[in-house]
Amino acid sequence: MNQKIATVPVDTEVNRQARERALGAVSWPLNLVAATVGYQSHGHLLAIGDSASLLEVLERARGLEQGLASITLVVTDVPDDALLQRAEAADVQLQPLLASQLGRLHLEGYLGHFSAWLDGHEGPIELARALLGREHHDLVLDLTPTPRLPLELPPPGYFHAPVAGEARTTLIDGLGDYIGEFEKPRYFEVHADRCAHSTRGFGGCTRCLEVCPADAIKSVPGRIDARIEIDPYLCQGVGSCTSACPTGAIEFRQPHSLRQQDTLLAWLDHYHAAGGQSAVLRFVQADHAQHLQPDAAGHVIDVALEDLGSAGVDHWLSAIAAGACEVRIQAYSDMPDRLVAHLEDQLAQGRAILEALGHDPGRLQWFSDEEQESSLALPRHAGLTPQLRSLEQAQAFGSDKDTPSATVQMAGGRTGNTGATDGAEAPGKRERLTLVLDHLATTGHVDGERHPMPPGSPFGGIEVNADACTLCMGCVASCPTGALGAGGDTPRLDFREADCVQCGLCSKSCPESAIRLSPGFLASAERSQWRVCHEDAPFHCIVCGSAFANARTIAAIQQKLANHAYFSGDQARRLEMCQDCRVKDVWHEMATNPEAQLKL
């Protein structure tokens, strides 16, 4: 399980050959035919700064000589004579701002589509429309000390250069390179049916909103529910949203996470089959991978990602389950702070899960940009056995047991399909993670206890107050992952913890406040099994005899409507009828006693 690696000679050449065979047998899935979004820039420049900085812009840009269609200057101090004269000579639009107006200047957009406006007494004043007679600026050069767009990853076409010097000069000289038509990949797709962000007017998961360094993800209010939208023009493909999303609602268009996981497992399977030992998977940023030297260590298999944030705890734990002795995340210089925080949180989650399942959390490791040599060292742990060779293997194994990959039959005849039926589509992200965790549980030691997790982790259970619950099933309708289920003909609330992502929608939508979240990772086989949270005796219609509610609900309704005119006297019996019989009874009374409708 967690035995340290035996002190035996490691044949580096054998490991290197095994690695080459593995990489040659299965190619890493690439985004070869990506959907794209287009930018069109005509060269209308908006420059913001003080007089001295803007004068440098005019001297360097030389207006139309550089291909710029227009230059608009927003001056943050009192314009000096040199700037006024140069602007007039160059036919440049100039807009001075008072100190009080600077705080009312707003900016948003991207290359070819920037909007800048001032808050006015009668509404916003659009600078492009007021000064140029057009809707947008194409480029923004921000020379102020504090950026107008304070983003870790600003949008294309926005440049912040507060300090004079060679870097600013080079930037100004190169503005002409951003005129024309450009394309970039449309990185992601959103599956609204899997999203746990909002339902029935209640807010839930916000993990993707919290990790995007480009602020490309927004919660868009609807008439009832809010929805997650990713602006493809602002998105720069960091990938942290895909690894943060616990349900797989946000995915890379290509390659999909499932293909990446399958490739990792296949690499390790071929590596071990070729005689390789002490395998270490090192996740690296692709455009920094050329600076690494994996040939010096044959046991290190580099996973070069277009975006380091696109792989998270599900990928890392899959590798551990497949026999990788350790997984190492290789940081790189200039990583966005929000990406670093996200990956550190993912590491904390992964380590907590490993520890809960009886494994050494040190199997997941982080190496800074200065520790590249250290990331090539031999692992301190041996690979787990037996190894998970594929997710299909885990599904086949689970189909003979009460695991999340099986179709489980529960009391009362309800069937819960969790993705293991023949011919069914591939399991989703949460199902795949559960398969991996179940395998890690078989190779480790579980104590049946609930273990603490980092705040906001998508692991935990629920507690249901049986005295307050009326089995209205509002929580079942609100649950986006299917972790909650109704008992069919039996008034019963069922729960499967493996599917719960702790979004809180069930608790918020419960009219009786009967549900409370119980965060933490349950190290027990019960995590993947359905359990009954609450059940009650069915109430049968007094006319037709069909079960249509539970006894407690009918009793509560009778108490609340005891003084209602429509359900008073003999009509109170209608509360004990099903919907069809109740309607028939109303119409029968109207036919025999027409004046009865006047009571309404």
Side-chain angles (χ1 to χ4, degrees), residues 1-2 242-248 251 256-269 272 279-281 283 301 303 310-327 329 346-361 363-364 381 383-406 418-420 426-446 451 453 457-460 481 483 496-501 521-529:
M1 292 186 289
N2 286 320
T242 63
S243 52
C245 178
T247 65
E251 280 192 317
H256 284 167
S257 176
L258 175 59
R259 292 189 59 202
Q260 291 179 334
Q261 276 182 282
D262 285 342
T263 302
L264 295 179
L265 298 184
W267 277 356
L268 288 167
D269 188 30
H272 293 128
V280 169
L281 252 62
F283 288 79
I301 303 175
V303 183
S310 62
V313 65
D314 48 337
H315 291 78
W316 305 337
L317 294 183
S318 296
I320 297 296
C325 301
E326 294 170 0
V327 167
I329 294 85
Q346 290 281 293
L347 273 172
Q349 292 185 35
R351 288 167 175 166
I353 291 174
L354 285 175
E355 189 169 16
L357 295 177
H359 300 290
D360 191 335
R363 290 181 180 274
L364 294 181
H381 305 85
L384 300 180
T385 55
Q387 299 160 0
L388 177 63
R389 301 182 62 184
S390 69
L391 292 175
E392 288 77 9
Q393 172 200 7
Q395 281 186 281
F397 179 78
S399 63
D400 296 328
K401 299 188 176 186
D402 191 14
T403 68
S405 60
T418 58
K429 177 178 180 177
R430 190 69 177 189
E431 291 82 1
R432 300 198 303 269
L433 178 58
T434 300
L435 292 173
V436 171
L437 297 180
D438 285 346
H439 183 86
L440 289 173
T442 63
T443 58
H445 171 73
V446 294
H451 295 255
M453 294 288 292
S457 298
F459 300 96
T481 65
R496 182 172 182 265
E497 184 164 327
D499 296 327
C500 178
V501 297
F521 186 85
L522 181 62
S524 169
E526 295 178 0
R527 182 178 174 276
S528 297
Q529 299 169 356

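Because only heavy atoms are used, hydrogens play no part in the values below, and waters and symmetry mates are left out as well, while side chains stay in. Treat the numbers as computed from the prediction; the structure is a model and nothing was measured.
Atom CZ of Arg351 sits about 9.0 Å away from atom CH2 of Trp316, to the nearest 0.5 Å. Here Asp438 contributes atom CG and Leu440 contributes atom CG; the two are 9.0 Å apart, rounded to the nearest 0.5 Å. The line from CD of Glu431 to CG of Leu391 is 11.5 Å long, rounded to the nearest 0.5 Å. Summarising the geometry, atom NE2 belonging to His451 is positioned 10.0 Å from atom OG belonging to Ser524; distances are rounded to the nearest 0.5 Å. Distance CD/Gln260 to CG/Leu258: 9.5 Å, rounded to 0.5 Å. Once rounded to the nearest 0.5 Å, the distance linking CG of Leu522 with SG of Cys500 reads 11.5 Å.
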Quiz item: Going through the distances and angles, do Leu354 and Arg363 end up as a side chain to side chain contact (heavy atoms under 4.5 Å, CB included)?
Solution: CA-CA 8 Å; Leu354 285 175; Arg363 290 181 180 274; 4.1 Å; yes

Quiz item: Given the rule in the side chain to side chain contact (heavy atoms under 4.5 Å, CB included) test, do Val446 and Leu357 qualify, once you have shown the distances and angles that lead to the verdict?
Solution: CA-CA 5 Å; Val446 294; Leu357 295 177; 3.7 Å; yes

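With sequence neighbours left out, Glu497 forms a side-chain hydrogen bond (donor to acceptor under 3.5 Å, both in side chains) with Arg450.
What you find for Met453 and Phe521 is that their closest heavy atoms are CG-N, 3.7 Å. Listed here is the closest heavy atom pair of Gln349 and Pro458: OE1-CD, 3.4 Å. Listed here is the closest heavy atom pair of Val313 and Gly350: CG2-CA, 3.5 Å. Shown here for Ala356 and Ala523, the closest heavy-atom pair between the two residues is O-CB, 3.3 Å. In plain terms, the two heavy atoms of Leu265 and Ala322 that are nearest each other are CD2-CB, 3.2 Å.
Checking side-chain atoms of His439 against main-chain N and O of Pro386 turns up a donor-acceptor pair under 3.5 Å. In this structure a side-chain-to-backbone donor-acceptor pair under 3.5 Å is present from His272 to Leu268. A donor-acceptor distance shorter than 3.5 angstrom exists from the side chain of Thr434 to the backbone of Arg430, with no hydrogens or angles considered. In this structure, the side chain of Gln346 does not engage the main chain of Gly312 through any donor-acceptor pair within 3.5 Å. Within the 3.5 Å criterion, the main-chain N or O of Glu251 finds no donor-acceptor partner in the side chain of Thr242. Between the Lys429 side chain and the Asp314 main chain, no donor and acceptor come within less than 3.5 Å of each other.
In this structure, Phe283 and Leu264 have side chains that are in contact, with non-hydrogen atoms separated by less than 4.5 Å. Val303 has its side chain within reach of Trp267: a pair of non-hydrogen atoms, C-beta onward, lies under 4.5 Å apart.
Among the candidates Ile353, Leu384, Thr443, the single residue satisfying the side-chain contact (heavy atoms from CB on, under 4.5 Å) test with Ile320 is Leu384.
Checking His381 against Glu326 by side-chain atom types alone, a donor-acceptor pair falls below 3.5 Å.
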